[in-house]
Amino acid sequence: MTNAEIADVFDQIADLLEFQGANPFRVRAYRNAARTLRELTESLEQMVYNNPASLQEISGIGADLADKIALLVRTGSLPLLEELREQTPIGVLEVMRVPGLGPKRAATLYRELGVSSLEQLREACTAQKVRDLPGFGAKTEEKILQGIELAAEAGRRTLWAVADQLVQNILGHMKQCKEVRTIQPAGSYRRGKDTVGDLDFLVITGKPAAVMDHFSRLDGIAQELARGDTKMSVRLAIGVQVDVRVVPEESFGAAMQYFTGSKAHNVVLRGMAKAKGLKINEYGVFRGQKRIAGRTEEEVYGVLDLPCFPPELREAREEFDWAAQGQLPVLVELADIRGDLHAHTDWTDGQNTLEEMAEAARQRGLQYLAIADHSKRVSMAHGLDADRLRRQWDEIDRLNERWRDFRLLKSVEVDILERGGLDLPDKVLAEADWVVASVHYGQNQSREQITKRVVDALAHPAVCVFAHPTGRLLNERPPYAIDLEAVLESAKKYGKTIELNSHPARLDLDDVGCAAARKLGVPVVISTDAHSTTGLDVLRYGVLQARRGGLTKQDVANTRPWPELKQLLGRS
Ligand code: DGT
Ligand code: CA
Ligand code: CA
Ligand code: ZN
């Protein structure tokens with residue numbers, strides 16, 4: 001154990017004691033001890049093993065603290081700390097660490113507002129309840145909100161959709177520099193991964209220094225991390241790192257290939273090159289000293305007798321097998337999508353009317369839109385009961401008389417109840433064009449319970465699709481404990497489909513789930529789950545994940561016109 005680690009333990013004890021309102025002298029004793037130990041030049045561990053008595057010679061360390069240091073070094077823990085942790089609500093420690101807070105303020109927040117998690121703290125700040133507490137104020141409240149964002153962002157991966165905005169910004173800025181001959185994004189962004197660690201750009205230029213000067217003038221740079229002759233790294237204020245590399249024109253394809261990755265894909269590629277007596281790196285493919293490819297990616301893959309893989313497939317999953325068999329799939333595209341099968345309106349928690357949603361879908365070139373508002377169990381969203389649902393369907397019938405090229409489908413997002421079963425009578429569900437089933441409650445149930453609920457729902461004759469199948473929210477909520485394999489198998493058995501929800505924080509099924517559905521022959525429905533007209537624009541994020549799962553137009557159910565889709569489900 002290092003001195004710093006021991007000091008941290010003492011600091012934590014001080015924090016927790018202070019949170020509990022312990023005697024200030026006791027709190028200060030631990031805090032002072034932590035500071036002393038952190039600045040000590042001799043190793044506490046050595047002292048404990050060689051001469052424990054010497055611990056008491058450190059200023060401010062008496063018999064009690066000396067014993068605690070010895071115990072900590074020997075056992076790795078302290079009963080006092082464990083005890084304090086047990087007495088403190090779990091989330092409070094996170095709350096304390098938000099910049100601008102601390103144990104005392106965390107205690108006030110807990111006592112006055114019951115705040116014991118970052119989420120509750122965010123809510124309390126947003127509701128402007130924090131500013132009225134003694135010792136706080138509007139400024140503090142604002143600072144806390146920023147602090148929560150920062151704490152939450154640190155160490156997190158960026159949603160692809162957010163990364164995409166950054167990339168477009170950066171491209172826009174860099175293209176204003178006349179010394180930039182070419183700039184292209186690479187890395188996980190280019191592969192369309194659902195979240196991105198950092199952004200990677202490659203540039204061709206005759207004047208690297210001028211390009212980097214220009215790059216450093218990008219809005220939103222918080223810090224320049226490194227700058228060399230050909231590489232520069234910065235951190236943006238929102239916490240994302242951006243790497244820019246200048247590469248020679250004759251190596252641009254090789255560099256794009258290399259820096260697009262993935263690492264696993266590159267490892268396989270390097271092995272294949274070696275087997276052909278070739279060497280591959282970010283400068284090109286070489287036979288001996290001679291560069292035989294490098295200007296374009298096609299050329300690089302070509303000399304290895306490989307197709308230029310779509311970036312989305314470069315994960316060393318199935319792509320090399322497909323290439324060996326000469327059967328690279330033709331991946332689904334946004335333009336293949338004919339309709340959207342999951343959207344909400346202001347009848348429940350959506351923002352727009354039926355008519356507005358329909359017109360927005362039509363303008364986006366869709367032929368059909370399923371209005372799948374929530375069922376009554378979702379009371380927070382004013383979920384529909386049978387009566388209101390039928391009234392909505394009457395209005396849909398009326399609206400549908402307007403269009404020849406477009407159709408609203410009578411649908412509903414029916415909740416799969418905690419105890420099992422669906423939230424609407426069978427008779428009503430049987431009248432729907434399309435029934436979306438989903439789990440919103442009882443997400444903490446066991447794997448067996450939750451899987452059984454879903455498998456039973458898929459067996460219900462009215463249900464067409466199981467929506468956002470794992471319930472994950474990227475950076476926020478892990479998947480529930482569902483057995484996806486069992487769910488896919490019953491979807492197969494009952495001739496049902498599975499949703500790829502395109503919301504950028506959901507992307508659920510994920511790419512691997514899509515591949516699993518494809519292998520079993522379960523059609524995937526790429527849906528928007530739009531709660532407003534602009535919510536319809538997320539479709540492309542879903543399509544990107546479907547491509548990563550290797551899905552073709554055939555594998556995606558809603559590439560079909562509605563009559564064909566009905567046939568696929570065995571309905572007339
Ligand atoms: P990220 O940023 O964590 O979402 O993932 P990537 O894939 O963008 O990874 P990053 O930014 O570390 O590097 C970009 C690409 O560069 C990566 O996909 C493959 C290539 N690369 C980086 N380091 C290595 C390496 O050590 N070996 C190989 N073969 N390739 C590497
Ligand atoms: Ca990256
Ligand atoms: Ca990088
Ligand atoms: Zn929904």
Side-chain angles (χ1 to χ4, degrees), residues 337-344 348 361 366-375 377-378 383-384 386 389-390 392-393 396 400 407-417 420-440 453-470 482 484 487-502 506 508-509 513-514 517-518 520-530 539 542 546 551 554-572:
I337 304 292
R338 293 281 164 273
D340 180 12
L341 292 162
H342 184 170
H344 297 264
T348 63
L366 299 181
Q367 298 170 359
Y368 51 92
L369 178 70
I371 299 301
D373 269 318
H374 291 289
S375 63
R377 176 66 185 86
V378 190
L384 305 177
L389 185 57
R390 285 204 168 103
Q392 188 189 51
W393 289 350
I396 287 177
N400 270 334
R407 169 168 181 169
L408 281 178
L409 300 180
K410 289 183 266 186
S411 180
V412 66
E413 179 176 10
V414 64
D415 250 63
I416 301 173
L417 299 171
L422 299 174
D423 190 27
L424 283 164
D426 293 349
K427 220 174 95 213
V428 180
L429 293 176
E431 294 166 25
D433 293 317
W434 176 262
V435 173
V436 180
S438 44
V439 167
H440 290 115
R453 281 163 70 195
V454 172
V455 165
D456 289 350
L458 285 166
H460 190 289
V463 168
C464 305
V465 65
F466 176 45
H468 39 73
T470 77
I482 198 162
L484 194 59
V487 167
L488 288 172
E489 269 159 21
S490 54
K492 175 71 189 169
K493 177 170 162 195
Y494 300 113
K496 304 300 172 67
T497 65
I498 193 106
E499 182 180 90
L500 192 183
N501 190 296
S502 304
R506 285 194 184 270
D508 179 15
L509 288 183
C514 285
R518 163 171 51 75
L520 274 172
V522 176
V524 172
V525 171
I526 306 179
S527 296
T528 64
D529 200 357
L539 210 45
L551 302 196
Q554 271 302 309
D555 300 323
V556 177
N558 52 321
T559 57
R560 292 164 180 75
W562 172 239
E564 275 178 44
L565 180 52
K566 271 204 309 197
Q567 275 171 16
L568 181 77
L569 280 161
R571 299 178 183 194
S572 50

- Message: Can you see whether His460 engages Asp426 through a side-chain donor-acceptor pair at a distance of less than 3.5 angstrom?
- Response: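 Looking only at side-chain atoms, Asp426 and His460 do form a donor-acceptor pair, the distance falling under 3.5 Å.
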
- Task: Indicate whether the side chain of Asp529 and that of His344 have a donor and an acceptor atom separated by less than 3.5 Å.
- Result: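 Looking only at side-chain atoms, His344 and Asp529 do form a donor-acceptor pair, the distance falling under 3.5 Å.
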
Any [X] side-chain heavy atom under 4.5 Å of [Y] side chain:
{"X": "Val414", "Y": "Val436", "result": "no"}
{"X": "Trp434", "Y": "Thr497", "result": "yes"}
{"X": "Leu417", "Y": "Leu422", "result": "no"}
{"X": "Leu409", "Y": "Leu369", "result": "no"}
{"X": "Arg560", "Y": "Lys566", "result": "no"}
{"X": "Gln392", "Y": "Lys410", "result": "no"}
{"X": "Ser438", "Y": "His468", "result": "yes"}
{"X": "Val556", "Y": "Val525", "result": "no"}

I'd like to check the salt bridge (Lys or Arg N to Asp or Glu O under 4.0 Å) partners of [X]; sequence neighbours left out, ordered by chain and number.
{"X": "Glu564", "answer": "none"}
{"X": "Arg407", "answer": "Asp433"}
{"X": "Arg377", "answer": "Glu418"}
{"X": "Asp456", "answer": "Lys452"}

Working to the nearest 0.5 angstrom, can you tell me the gap between [X] [atom1] and [Y] [atom2]?
{"X": "Ile498", "Y": "Lys492", "atom1": "CD1", "atom2": "NZ", "answer": "13.0 Å"}
{"X": "Leu341", "Y": "Leu565", "atom1": "CG", "atom2": "CG", "answer": "6.0 Å"}
{"X": "Lys493", "Y": "Leu520", "atom1": "NZ", "atom2": "CG", "answer": "13.5 Å"}
{"X": "Leu366", "Y": "Arg338", "atom1": "CG", "atom2": "CZ", "answer": "9.5 Å"}
{"X": "His374", "Y": "Leu389", "atom1": "NE2", "atom2": "CG", "answer": "13.0 Å"}

Closest approach of [X] to [Y] (non-hydrogen atoms, all atoms of both residues):
{"X": "Ile526", "Y": "Leu539", "value": "O-CD1, 3.7 Å"}
{"X": "Pro523", "Y": "Lys496", "value": "CD-O, 3.9 Å"}
{"X": "Leu458", "Y": "Tyr494", "value": "O-CB, 3.6 Å"}
{"X": "Ser411", "Y": "Ala372", "value": "OG-CB, 3.6 Å"}
{"X": "Arg571", "Y": "Pro461", "value": "NH2-O, 2.9 Å"}
{"X": "Thr470", "Y": "Ile482", "value": "CA-CG2, 4.4 Å"}

- Task: Please test Thr348 against Val378 for side chain to side chain contact (heavy atoms under 4.5 Å, CB included), starting from the C-alpha separation and ending with a verdict.
- Result: CA-CA 9 Å; Thr348 63; Val378 190; over 6 Å; no

- Do Glu413 and Val435 pass the side chain to side chain contact (heavy atoms under 4.5 Å, CB included) test, and can you show the C-alpha distance, the side-chain angles, and the key distance before you say yes or no? CA-CA 6 Å; Glu413 179 176 10; Val435 173; over 6 Å; no

- According to the interplanar angle, ranging from 0 to 90°, do the rings of Tyr368 and Trp562 count as parallel (below 30°), tilted (30 to 60°) or perpendicular (above 60°)?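 Geometry flag for Trp562 against Tyr368: tilted rings.
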
- Message: Quick one, Asn501 with Ser527, criterion side chain to side chain donor-acceptor pair (under 3.5 Å). Give me CA distance, side-chain angles, the key distance, then yes/no.
- Response: CA-CA 5 Å; Asn501 190 296; Ser527 296; over 6 Å; no

- Task: Quick one: list whatever passes side-chain hydrogen bond (donor to acceptor under 3.5 Å, both in side chains) with Thr559, sequence neighbours left out.
- Result: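 Applying side-chain hydrogen bond (donor to acceptor under 3.5 Å, both in side chains) to Thr559 gives none.
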
- Given the rule in the side chain to side chain contact (heavy atoms under 4.5 Å, CB included) test, do Leu509 and Glu499 qualify, once you have shown the distances and angles that lead to the verdict? CA-CA 7 Å; Leu509 288 183; Glu499 182 180 90; over 6 Å; no

- Query: Are the side chain of Ser375 and the backbone N or O of Asp415 linked by a donor-acceptor pair below 3.5 Å?
  - Reply: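 Between the backbone of Asp415 and the side chain of Ser375 there is a qualifying donor-acceptor contact (under 3.5 Å).
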
- Query: Which residues satisfy the side chain to side chain contact (heavy atoms under 4.5 Å, CB included) test with Asp555, sequence neighbours excluded?
  - Reply: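 Asp555: side chain to side chain contact (heavy atoms under 4.5 Å, CB included) contacts with Arg518, Leu551, Thr552.
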
- Task: May I have the step-by-step check of side chain to side chain contact (heavy atoms under 4.5 Å, CB included) for Val428 and Trp393, ending in yes or no?
- Result: CA-CA 11 Å; Val428 180; Trp393 289 350; 4.1 Å; yes

